[in-house]
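Step one of this worksheet: look at the structure below.
Reminder, nothing fancy here: chain letters follow the sequence lines and each chain counts from 1. Only this structure's heavy atoms are used, side chains among them; waters, hydrogens and symmetry mates stay out.
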Amino acid sequence: EAGVAQSPRYKIIEKRQSVAFWCNPISGHATLYWYQQILGQGPKLLIQFQNNGVVDDSQLPKDRFSAERLKGVDSTLKIQPAKLEDSAVYLCASSLGTDEQYFGPGTRLTVT
Amino acid sequence: QKEVEQNSGPLSVPEGAIASLNCTYSDRGSQSFFWYRQYSGKSPELIMFIYSNGDKEDGRFTAQLNKASQYVSLLIRDSQPSDSATYLCALHTGNQFYFGTGTSLTVIP
């Protein structure tokens, strides 16, 4: 069974630029999560989708971050404009229900 | 107060010993609890989950949950150098998932 796919794996941008990340969950997994993991910290949940609906986005900085999951499969997370403090690894995870989450390899974002 | 608290370590144990990792949480309504292992530069990997008070064993790993005292722990028996990693405690409460900052474990050959 293929795991969670993410791209790109690495991205370097300047502050105020925009960036987008893509995630393809494990086949059949209805729930998809985006996390931000800053170096030395645990992952922080940004947004959770159930199929193509948003379950929770309370920790998503909506003035600059947006996410969508069209057709209930792939998802994209966008940052516009980026700030220095957005430098982190962005992790996508998926699960059948709402518990056992399986993580993708992550996208390491560096904002200069 | 953070939702999930872990001792950041580092924790060092000799090969073959038992490693004990602990986690406390603040929300008594938390429903389920997870332990993830994260190697440096890699993404978290689920080790175990536990929902009910008591112990749950899976191979060399045992998760322990005490809801009255609001703590969850992970025991690793017969620790191996390959167990050297950061161990993340996580919980599910309401619609939210919270992770601790992780405990760094080093198993010394």
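There is no contact between E45(B) and chain A, counting heavy-atom distances below 4.5 Å.
Atoms CG and NE2, from L45(A) and H92(B) in turn, are 9.5 Å apart once rounded to the nearest 0.5 Å. One distance of note links CD of Q37(A) with OG of S43(B); it measures 9.0 Å at 0.5 Å rounding.
Between G42(A) and L88(B), the shortest heavy-atom contact is CA-CD2, 4.2 Å. In plain terms, the two heavy atoms of P43(A) and P44(B) that are nearest each other are CG-CG, 4.3 Å. F49(B) and E100(A) get closest at one heavy-atom pair: CE2-CD, 3.3 Å. Contact record, L46(B) with Q101(A): CB-O, 4.2 Å, taken as the closest heavy-atom pair.
Ring to ring, Y35(A) and F97(B) are not that close: their centroids are 6.0 angstrom or more apart.
Within a 6.0 Å sphere centred on CG of L84(A), heavy atoms belonging to other residues, nucleotides or ligands number more than 12. By the 6.0 Å contact criterion, CD1 on I108(B) is enclosed, its count of non-hydrogen atoms from other residues, nucleotides or ligands being greater than 12. At most 12 heavy atoms of other shown residues, nucleotides or ligands fall within 6.0 angstrom of atom NZ in K71(A). Applying the 6.0 Å contact sphere to OH of Y39(B) captures more than 12 heavy atoms from other residues, nucleotides or ligands. No more than 12 heavy atoms of other residues, nucleotides or ligands shown are found within 6.0 angstrom of NZ on K11(A).
Residues L11(B) and I47(B) share a hydrophobic cluster, clusters being chains of Ile/Leu/Val/Met/Phe/Trp/Tyr side chains in contact below 4.5 Å. Placement of Y90(A) and V4(A) in two distinct hydrophobic clusters is found when ILVMFWY residues are connected by side-chain heavy-atom separations under 4.5 Å, directly or transitively.
With no hydrogens or angles considered, no side-chain donor-acceptor pair links Q96(B) and Q48(A) at under 3.5 Å.
When side chains are defined from C-beta on, K42(B) does not count as touching F103(A), because their heavy atoms never get closer than 4.5 Å.
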